[in-house]
Protein chains: 2
Amino acid sequence: MPTSTFFNLPPPKREKLLHAAIVEFARRPYGEVSINRIIQGAEIPRGSFYQYFADKTDLFRYVLRGYDNMLETAIMKSLEACGGRPLEIPLALYDLVLDYIRENWAQFELFMGILQKNMGMDAGQLLSLPEMVLKVINQADWRGLEHLEADERLAVMDLLFSAAGHALMAVFCEKLSSEESRRRLAIKTAVIQRGARYKEEPSC
Amino acid sequence: MPTSTFFNLPPPKREKLLHAAIVEFARRPYGEVSINRIIQGAEIPRGSFYQYFADKTDLFRYVLRGYDNMLETAIMKSLEACGGRPLEIPLALYDLVLDYIRENWAQFELFMGILQKNMGMDAGQLLSLPEMVLKVINQADWRGLEHLEADERLAVMDLLFSAAGHALMAVFCEKLSSEESRRRLAIKTAVIQRGARYKEEPSC
DNA sequence: CTTGACATGTGACAACCTGTCATGTATGAT
DNA sequence: ATCATACATGACAGGTTGTCACATGTCAAG
C-alpha cells in the first residue's frame, strides 16, 4: 500500500509519477523495471519515491489495482450486452475489450503490456478475476440452460473466461489475428455448449 | 543457446553449473535470480559463466528446455494410460504428474518452482505445449466420439489441457488440495463431455 | 621438443541498480 | 514566534550485470 503521503500529493504530481510508472512497467518485465527510470520520468528525487512506496512491488500492486475496476466494468457490461446468457458472456467480453482497445489504444497497450510482461509474477493473483467470475455466475440468467449444479456452472465459466483471456492475449502478442482468435474462442464456446459426447446407442 | 564451449565442458562441471542454476531459478523469481549466486554455487569464476552463456535468459531458456522432454513423456504416457480416449487424457495426465511429483519430489519441486516463479516471463512460450497438444490430437482415438471437426478437436483439447495445467498449478501453489483440484478438473471434463446446453423443445 | 594458433579460464572493472538515512525545508497550530 | 509534524532530498553502502585485457591450457605441424 502506498503511504498516506502519496495520497496527499498534489494530483498532478501524483499522476505524473503514476504515469511514469505505468509506462515503465509496460515496457519491461518486472525484474528489469528501474525505479531510477521511473523517478526520472516523473522528475522526482529518489528519496521522495521511497516516501510514497515501500518498494517496487508496492508500486506494482498499486498500478495493477487501477486496472482491476476497469476489467470489472468490462465484465459487467458484457454480462448486460448478452442479456445475462452465461455462455455468451466471454465472447461478448472479447468483443468489448477489443473495441475498447481500438478506441483507447494507448491506455490498453500499457495495460496489456503490463499483463504480458508480468503475468505469473503476481498479476494473476492481483487482478481479482476469480471473484469476478463468481459474481458473474450469480448474476447471470441460467434459466435457459439445462440444469447445472453450482460446481458445474463454475466449471463452465472458468473454462470460458480462461479461454477468453487466452484469446485476448493471443491477439495482443500478435500470435493470431483478432478474427482468427475470435473464431477459435467461438468454437470453444460452441463445443462447450454442444458437448464432446461419446457415441450412444440410439435411445428414442 | 549455450556456446559450444559449454558443451565441451567436462560433464561433472557442466552438471554442477546446471544444478546450481536450477536451484537458483527455483528459489527466486527470474528478475531476482543472481548470476553471482549461481557461479558461487557452481564454483566457477564470473568470466567463465559468460563464456558459456550469453546472459541470464540464455541460461534460463536452456534450463527450461531440459524439462520439455519430461513433460512430453508424461503426456504420451497418459495418452497410452487411457487407451487413446481423448477426453480422459488431461485427467490421466493430472494423476500421472501428481504421482510423479510424490515420487520425485525434489526434482519436481524445482521444476514447478521454476514454472511458478517465472511463468509468464517466457515459460509459456518455451515449453512447447501447443505442439504437444497437436501431437496428442493426432494420435488420440476419436472414433468413440460423435464427429468433431479438426478445429473442434483442437478447441476441446486446448480447453482440457489448459484446465489440467491450472489444476496442477493450483495444487502446487497450495491454493487447493489435490483432491479438490482433481474434482474440479473432473467436473470440467464432464461438462465438456456432456455440454452446457440451452433447452430445446422435446424433439422425439 | 618447440613453436604457434586457437580454445578456454580469470578477476578487476565500469556502469548500473536499490533502499536507507541524516539533514534540510515547508506548513499549520498554539 | 515557537514548535511539532509532515515532507523533500541526494549522498551513500552494498548489491547487481556484462566486458575485457590478459593468463593459461591444448594440440597439430615443423
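Lettering of chains follows the sequences in order, A, B, ..., and the numbering in each one begins at 1.
Counting only heavy atoms from C-beta on, A/Tyr50 has its side chain closest to C/dT18 among C/dT18, D/dG18, C/dT8. Considering only side-chain atoms of B/Gln51, the nucleotide from C/dT10, C/dT20, D/dT17 that sits closest is C/dT10. Side chain of A/Asp55, nearest nucleotide from C/dG9, D/dC7, C/dG19: C/dG19. Listed candidates were C/dT18, C/dT10, D/dA8. Nearest to the side chain of A/Ile35 is C/dT18. Among the nucleotides C/dT18, D/dT16, D/dC7, the one closest to the side chain of B/Asn36 is D/dT16. Nearest to the side chain of B/Leu9, among C/dG9, C/dT20, C/dA12, sits C/dG9.
Rounding to whole angstrom units, CG of residue B/Leu59 and C1' of D/dT17 are separated by 14 Å. Residue A/Arg37 contributes atom CZ, which lies 17 Å from atom P of C/dA15 at whole-angstrom precision. Whole-Å rounding puts the A/Lys56 NZ to C/dT20 P distance at 14 Å. Note: CG (A/Leu17) to C1' (D/dC7) measures 15 Å, nearest angstrom. Whole-Å rounding puts the B/Glu43 CD to C/dT10 C1' distance at 16 Å. Summarising the geometry, the separation between CZ on B/Phe7 and C1' on C/dA7 is reported as 17 Å, rounded to the nearest angstrom. Between the CZ atom of A/Phe49 and the C1' atom of C/dC17 there is a distance of 13 Å, rounded to whole Å. Going from atom CD of B/Glu32 over to atom P of C/dC17 covers 17 Å, rounded to whole Å.
Using a 4.5 Å heavy-atom cutoff, the side chains of A/Ile89 and A/Leu160 are not in contact.
Phosphate proximity of C/dT8 to B/Lys13: absent, as no side-chain N or O sits under 4.0 Å from OP1 or OP2. Between B/Arg46 and the phosphate of D/dT17, there is a side-chain N or O to OP1/OP2 separation shorter than 4.0 Å. Remark: B/Asn8 is not in phosphate contact with C/dA7, judged by side-chain N or O atoms under 4.0 Å from OP1 or OP2.
In this structure, B/Tyr62 and B/Phe6 have perpendicular ring planes: the angle between them is above 60°, well past the 30° mark.
A/Tyr52 comes within 4.0 angstrom of sugar-phosphate atoms only, judged by non-hydrogen atoms across all strands, and of no base. Among the protein residues, B/Ile39 comes within range of no part of the nucleic acid, since none of its heavy atoms lies under 4.0 Å from any strand. In this structure, A/Ser34 reaches the sugar-phosphate backbone alone: every heavy-atom distance under 4.0 Å involves primed, P, OP1 or OP2 atoms, never a base. Using a 4.0 Å heavy-atom criterion, one finds that A/Ser48 contacts the bases of the nucleic acid, with or without backbone contacts as well.
For the pairing with A/Asp151, the side-chain hydrogen bond (donor to acceptor under 3.5 Å, both in side chains) check across B/Arg184, B/Arg183, B/Lys188 returns one residue only, B/Arg183.
Side-chain N/O atoms of A/Asn36 and A/Arg46 include a donor and acceptor closer than 3.5 Å.
Between A/Glu146 and B/Arg194, none of the side-chain N atoms (NZ, or NE/NH1/NH2) sits under 4.0 Å from a carboxylate O, so this pair counts as no salt bridge.
Heavy atoms only, all atoms of each residue included: B/Lys199 and A/Leu145 are closest at CE-O, 3.4 Å.
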